[in-house]
Amino acid sequence: MAPKCQVFGCSNSKSNAPNLGFFTIPDPKKDPERCRIWLQRLGSNKFNFETFVYSKNRCVCEQHFDPSCFLRDVAARLGFRKRKQLKPGSVPTIFSSKPATTSSTTTMQQPPAEEQARPGPSQASTAGITGLETGELPADEEHLHPGTSRASTAAADDDFQSGVEIGNMSEGGGLMEEVASASSQQPMLSHSEQETPFNVAQVVEVVTSQPSPRVLKSPMKRRHRQKFSTYSPRKALFEELLTASPATTKSGSSDSDSSQTYLPSSSSSDSGGEEERDATEEQRWLYQSKYLVFTENLEQLFNRVTCLQCGEPTAHFDTNALGSSLGATLYCANGHISLNWKSQPLTKKVYVGNILLASAILFSGNTYSHISQFCEFLGLNFISQTTFYTMQKSLLNPVIDHRFQLQQSDVIAGLPASGVRLSGDGRCDSPGYSAKYCTYSMMDISTNKIVASKVVQVTETTSSVAMEKVGFQRCMEELQGENVTISVLATDRHTGIRAAMKKDFPDIDHQFDVWHLAKSIKKKILAKAKSKECSDLLPWLQAISNHLWWAAQTCGGDADLLVEKWTSLTHHITNVHEWAVGERFRECAHAPLTDEEVRTKAWLRQGSAAHLALNEVLFDKRLLKDVRFLNLSCHTGQLEVFHGAMLKYCPKRLHFDMPQMWSRTQLAILDHNNNTSRKHAVVRRETKKTAKKGHKRYSLFFSKGTKRWTVTPIYEPKSYGFVFSMMEDVLCVKTGTLVLGEPRPSRPLPANIAPSEAPPKAEAVKHFQSRFVR
């Protein structure tokens with residue numbers, strides 16, 4: 001059963017008035033006082049408070065509420081929310097003795113006598129244009145097209161006022177401005193024309209159609225609704241924008257999505273002392289939808305435009321494309337300019353769509369060459385390469401650095417003063433020993449957030465191997481400059497970093513990464529197991545790695561106990577579970593094995609070639625020395641996850657110069673730090689192929705490394721609200737509403753990594769030879 005209005009004489013319901021909002025009568029158990037007031041005002045003997053039974057379908061439509069009862073909902077005006085919202089404590093106050101009609105045949109009440117006076121020619125035109133700009137329309141019932149209720153008309157007014165769902169019609173230089181200018185130049189109306197008041201539907205008809213005696217359907221009835229998928233970053237960010245604290249500003253941004261959003265000040269609301277804000281110009285540009293339009297369909301629209309001076313249809317038009325934007329000047333048969341139209345708004349002589357295109361390319365981790373080829377195949381006009389790189393240098397990179405510095409300040413401020421546990425590791429931009437860049441990053445082990453990161457170019461060091469140590473030293477210098485107290489630092493077994501820690505940072509507990517050491521041990525055992533006499537080690541490969549992790553996690557910080565647990569593997573692997581060697585660990589910690597387990601295990605024979613080869617690895621003096629650095633069981637697993645995510649922004653097969661490399665690294669850090677708190681996804685809708693509702697989700701896949709089927713947890717989707725915040729910042733910088741500080745000085749670097757200057761190209765071509773030339 002569809003929701004139906006319960007006011008006496010009103011027949012509106014969700015089925016016959018889908019454009020109206022319906023509000024459920026309050027539940028007498030949850031809000032008895034408000035429910036009593038609502039029932040008293042309905043004017044119907046059908047309900048009384050004592051016998052009323054709550055139902056979601058027993059509603060009151062929006063026509064019985066004063067406009068002041070509704071929240072100033074910017075989200076609804078921009079299409080993010082489909083219905084109005086009542087203020088807390090609102091009650092219906094508008095009633096009529098006559099039954100209210102449905103939206104399909106709604107006739108509005110006559111306005112007061114002073115509002116019924118017909119305006120003169122100039123007054124009609126002025127009032128009409130003012131109505132377009134302010135969202136106010138005449139209230140006479142003949143001004144409304146049949147089938148359009150006051151509620152739907154008011155909703156359409158919001159659309160005209162917001163200027164979002166009509167595209168560029170209400171922006172400077174747009175269609176509505178052309179209508180206004182043409183109307184002011186129109187000759188005096190005849191007496192018969194003065195009798196017809198101004199109507200928005202008539203204005204749109206004049207602009208968009210051939211002269212016709214019939215009345216076109218009002219475009220306000222066919223409201224465009226913003227539709228989103230299950231997860232929409234634009235919708236989520238806009239909801240956060242509406243509910244953010246009024247004190248939030250650009251200078252007070254943090255690493256959360258909501259605090260990174262710039263909220264301009266506006267007039268305060270009269271609801272509960274909460275300050276409501278209208279969307280800024282930059283926000284309207286960013287959050288409204290954009291569409292792909294074919295040339296032939298655009299020509300059909302232009303051909304329906306008639307001249308406002310002589311009424312002649314469009315004879316021809318000239319177009320001018322600049323990047324992704326299109327401008328058109330329409331002429332009638334008499335040579336008058338019927339319309340001067342632009343597909344995008346302008347800011348500082350630059351089209352907004354071109355700015356957003358460049359921003360979306362970089363902020364999504366793509367490259368210009370990939371997206372431009374995509375647009376070429378699609379036949380879509382696109383910005384030039386020069387335009388993209390100019391915007392990247394002057395707009396995008398400074399905004400990325402601005403957001404990165406704000407986030408890093410918040411991350412550093414959130415570190416404990418007593419001491420932080422960090423993990424550090426380097427990532428080269430290409431495989432092998434020919435890397436040009438090395439990115440060294442340090443992560444807070446407790447929060448998994450990147451606290452410091454540096455990019456080093458090979459020309460700053462003696463070789464590509466030495467770049468990791470330089471990046472480590474620069475990260476430590478930056479953290480020391482921020483007065484960060486480091487209690488534990490986990491790294492790999494890099495000899496240069498080990499020496500630097502021992503010499504320059506003796507007060508910091510230096511730990512080795514368990515994952516890196518376990519990986520090294522597996523490689524050594526795998527190399528020995530390749531021989532025929534040691535092949536029995538292969539089934540134990542993963543168990544040996546797991547044993548190292550178990551020993552590090554259960555030693556309780558005692559390095560001596562860790563070494564004894566690690567070397568006990570030589571007994572267990574031969575089916576010996578108690579031994580006399582050692583001081584603190586002399587028997588296996590597992591439960592007694594069953595006869596079945598003893599019979600099925602591939603035990604090694606003591607003194608066999610495989611057993612002796614294993615002991616060579618277990619009791620290696622350097623390895624035993626390094627195992628003592630695992631007593632706190634630290635690892636860089638999450639840092640490796642971050643390095644994998646960097647491939648989206650800094651793929652190893654593509655080359656970038658240093659400014660691009662650093663900006664893309666900053667983007668990867670912003671992406672990672674804004675998504676460290678993602679939860680394990682659960683089943684929301686149960687089907688035949690899924691687990692029960694509420695169960696955790698996993699992905700099943702076959703591992704080529706282990707040759708086994710395994711599962712991996714599925715996490716909630718990433719949030720990219722920070723990207724929309726940066727795109728808004730880009731627009732604000734261009735319009736001048738946001739002024740960034742002076743850019744930080746960069747290190748002087750050579751133009752390339754060649755040890756000698758490039759010879760003249762002609763000379764190089766002269767000496768060029770190829771064995772493949774015919």
task: Apply side chain to side chain contact (heavy atoms under 4.5 Å, CB included) to I400 and L667, showing your working.
output: CA-CA 7 Å; I400 294 173; L667 279 173; 3.8 Å; yes
query: Stepwise, does the side chain to side chain contact (heavy atoms under 4.5 Å, CB included) test hold for F22 with N12?
result: CA-CA 9 Å; F22 291 84; N12 290 339; 4.2 Å; yes
query: Passes side chain to side chain contact (heavy atoms under 4.5 Å, CB included), E282 versus K734? Steps please.
result: CA-CA 10 Å; E282 295 83 6; K734 189 61 182 178; over 6 Å; no
- request: Step by step, work out the side chain to side chain contact (heavy atoms under 4.5 Å, CB included) result for T314 and Y331.
  value: CA-CA 6 Å; T314 299; Y331 301 90; over 6 Å; no
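When every heavy atom of S324 is checked against every heavy atom of Q344, the shortest pair comes out as OG-NE2, 3.0 Å. Heavy-atom minimum distance, I25 versus Q6: CD1-CG, 4.1 Å. Residues C307 and C332 share a closest heavy-atom pair of CB-CB, 3.8 Å. Pairing each heavy atom of K348 with each of T735, the nearest pair is NZ-O, 3.6 Å. The nearest pair of heavy atoms linking H64 to I94 is ND1-O, 2.9 Å. For P92 against V60, the heavy-atom pair with the smallest separation is CB-CG1, 4.1 Å.
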Using a 3.5 Å cut-off and no angle test, enumerate the donor-acceptor pairs between side-chain atoms of residues 379-391 and protein atoms at least two apart in sequence or in another chain.
residue, atom, partner, partner atom, Å
S384, OG, T387, N, 3.2
S384, OG, T387, OG1, 2.8
T390, OG1, T386, O, 2.7

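By the side-chain contact (heavy atoms from CB on, under 4.5 Å) test, S369 pairs with T367, sequence neighbours left out. Legend: residues meeting ring pair (Phe, Tyr, Trp, His ring centres under 6.0 Å) with H336, ordered by chain and number and at least two apart, are absent. Annotation: side-chain contact (heavy atoms from CB on, under 4.5 Å) contacts of V293 (sequence neighbours excluded): L298. Applying the side-chain contact (heavy atoms from CB on, under 4.5 Å) criterion to S359, with sequence neighbours excluded, gives I355, F363, L396, M727, V730. The side-chain contact (heavy atoms from CB on, under 4.5 Å) search around C69 returns F65, D66, L86, S90, not counting sequence neighbours.
S725 places a side-chain N or O within donor-acceptor distance of the main-chain N or O of G721, the cut-off being under 3.5 Å. Listed for the N334 side chain is no donor-acceptor partner under 3.5 Å among the backbone atoms of Q309. Here the side chain of N674 pairs no donor or acceptor atom with the backbone of D671 at under 3.5 angstrom.
Here the side chains of Q392 and I361 are not in contact, with every heavy-atom distance at 4.5 Å or above. Contact check for L326 versus W341: side-chain heavy atoms found under the 4.5 Å cut-off.
Other residues, nucleotides and ligands contribute over 12 non-hydrogen atoms within 6.0 Å of the NZ atom of K648.
Side-chain contact of D318 with T329: a donor-acceptor pair under 3.5 Å is absent, judged by distance alone.
Relative ring orientation between F302 and F317 is described as perpendicular, the plane-to-plane angle rising above 60° on a 0-90° scale split at 30° and 60°.
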